[in-house]
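Presented below is the structure to which this report refers.
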Amino acid sequence: QQPVQSPQAVILREGEDAVINCSSSKALYSVHWYRQKHGEAPVFLMILLKGGEQKGHDKISASFNEKKQQSSLYLTASQLSYSGTYFCGTDPISSGSARQLTFGSGTQLTVLP
Amino acid sequence: DTGVSQDPRHKITKRGQNVTFRCDPISEHNRLYWYRQTLGQGPEFLTYFQNEAQLEKSRLLSDRFSAERPKGSFSTLEIQRTEQGDSAMYLCASSLSTSGSYNEQFFGPGTRLTVL
């Protein structure tokens, strides 16, 4: 089942902060975050694993609440280059090795000057 | 360029024709994935290879779709008897799966298929 992302869209000014949420109905092993600009491939941002490990972009932070199966991506002091669509991909515990990610429908982020 | 590459980037075909796409993963990556993406949606998993073995395939995937990775390097995705509903962006991704790796997937630029 597809994870639910919120909000669907957000507009902010350069320098403002944003939070994007991802919620799953399944017990998760990991959550993967990607950013996709129009007409381009998704770009890896962050991976968060059950148990607290994470790896990713040094200017972006994220959290993973294992009890609630929720993850949040925190974009602070946003830059124009942060504009794009953000996707979370979830990896259920039954899989546990990112073999089959299920992606949400995305959050469209627009950063204005 | 050491990223994932896909060919062709665009393909226009008539309904009923067969099409084949190619993906060249990052050279040391042992996993390769195919996804399909339609407008306004996230990528949808199609199938996955570990080296040359196809280990998982979406239950929703029609038997008109077939994929191969004959030598554990590049992969091909073939769609037979294309339908208008097959129009989408087909994305390939690769990852390195080793003990202690995170398996982050790196995507290629995609092949945009239009079925007339």
Side-chain angles (χ1 to χ4, degrees), chain A residues 1-6 8-9 20 22-24 28-57 60 62 64 73 84-92 94-108, chain B residues 1 3-7 9-10 23-26 29-51 53-61 67 88-112:
Chain A
Q1 195 166 358
Q2 192 178 34
V4 176
Q5 289 188 233
S6 63
Q8 288 186 320
I20 300 172
C22 175
S23 179
S24 175
L28 299 177
Y29 177 77
S30 64
V31 180
H32 303 229
W33 285 96
Y34 288 83
R35 176 172 59 216
Q36 186 176 31
K37 294 183 183 284
H38 183 70
E40 298 180 10
V43 173
F44 172 77
L45 294 177
M46 197 100 186
I47 178 172
L48 302 103
L49 276 66
K50 178 179 167 63
E53 286 185 74
Q54 58 178 257
K55 177 182 178 182
H57 202 289
I60 293 175
F64 178 23
L73 189 70
T85 302
Y86 290 75
F87 294 101
C88 67
T90 56
D91 174 27
S94 56
S95 166
S97 63
R99 291 195 297 261
Q100 184 170 340
L101 293 181
T102 303
F103 285 89
S105 55
T107 295
Q108 189 170 351
Chain B
D1 188 3
V4 178
S5 61
Q6 293 186 244
D7 184 70
R9 296 291 308 275
H10 303 272
C23 171
D24 286 89
I26 294 172
H29 283 186
N30 52 1
R31 287 191 178 180
L32 186 146
Y33 312 79
W34 284 99
Y35 292 87
R36 175 172 57 195
Q37 186 176 28
T38 53
L39 195 63
Q41 295 298 316
E44 174 196 3
F45 173 81
L46 296 179
T47 190
Y48 138 79
F49 291 84
Q50 173 96 16
N51 299 312
Q54 186 175 19
L55 296 185
E56 288 195 26
K57 191 174 173 181
S58 169
R59 283 170 285 179
L60 302 176
L61 195 61
M89 176 74 83
Y90 289 84
L91 293 165
C92 175
S94 69
S95 71
L96 178 64
S97 174
T98 61
S99 175
S101 69
Y102 287 85
N103 271 316
E104 60 266 43
Q105 297 181 23
F106 295 90
F107 282 83
T111 294
R112 181 166 296 283

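Just so it is clear, the values below take in all heavy atoms, side chains as well, and ignore hydrogens, waters and symmetry mates. Predicted, not measured: the structure shown is a model, and the values here were computed from it. In what follows, chains carry the letters A, B, and so on, assigned in the order in which the sequence lines appear, proteins first and then strands, with residues in each chain numbered from 1.
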Discussion item. Can you confirm if the aromatic rings of B:Y35 and B:F107 lie within a centre distance of less than 6.0 Å?
Written reply: yes
Worksheet item: Can the ring centres of A:F87 and A:Y34 be said to be less than 6.0 Å apart?
Response: no
Worksheet item: Given that the side chain runs from C-beta out, which part of A:Q108 has a heavy atom under 4.5 Å from chain B: side chain, backbone, both or neither?
Response: neither
Worksheet entry | Contact origin within A:Q2 toward chain B - heavy atom pairs under 4.5 Å |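 A:Q2 touches chain B through side-chain heavy atoms alone.
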Practice prompt. Taking all heavy atoms of A:Q36 and all of A:P42, pick out the closest pair and write down the distance.
Written response: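 Here A:Q36 and A:P42 meet closest at NE2-CD, 3.6 Å.
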Worksheet item: At their closest point, which heavy atom of B:R36 faces which heavy atom of B:A88, and how far apart are they?
Response: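 Minimum heavy-atom contact is CG-CB, 3.5 Å.
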Worksheet entry | Closest-packed option against chain A by number of heavy-atom pairs under 4.5 Å, given B:P43, B:G108, B:A93 |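 Highest number of pairs under 4.5 Å: B:P43.
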Worksheet entry | Heavy-atom proximity to chain A below 4.5 Å, by part of B:Q37 | side chain
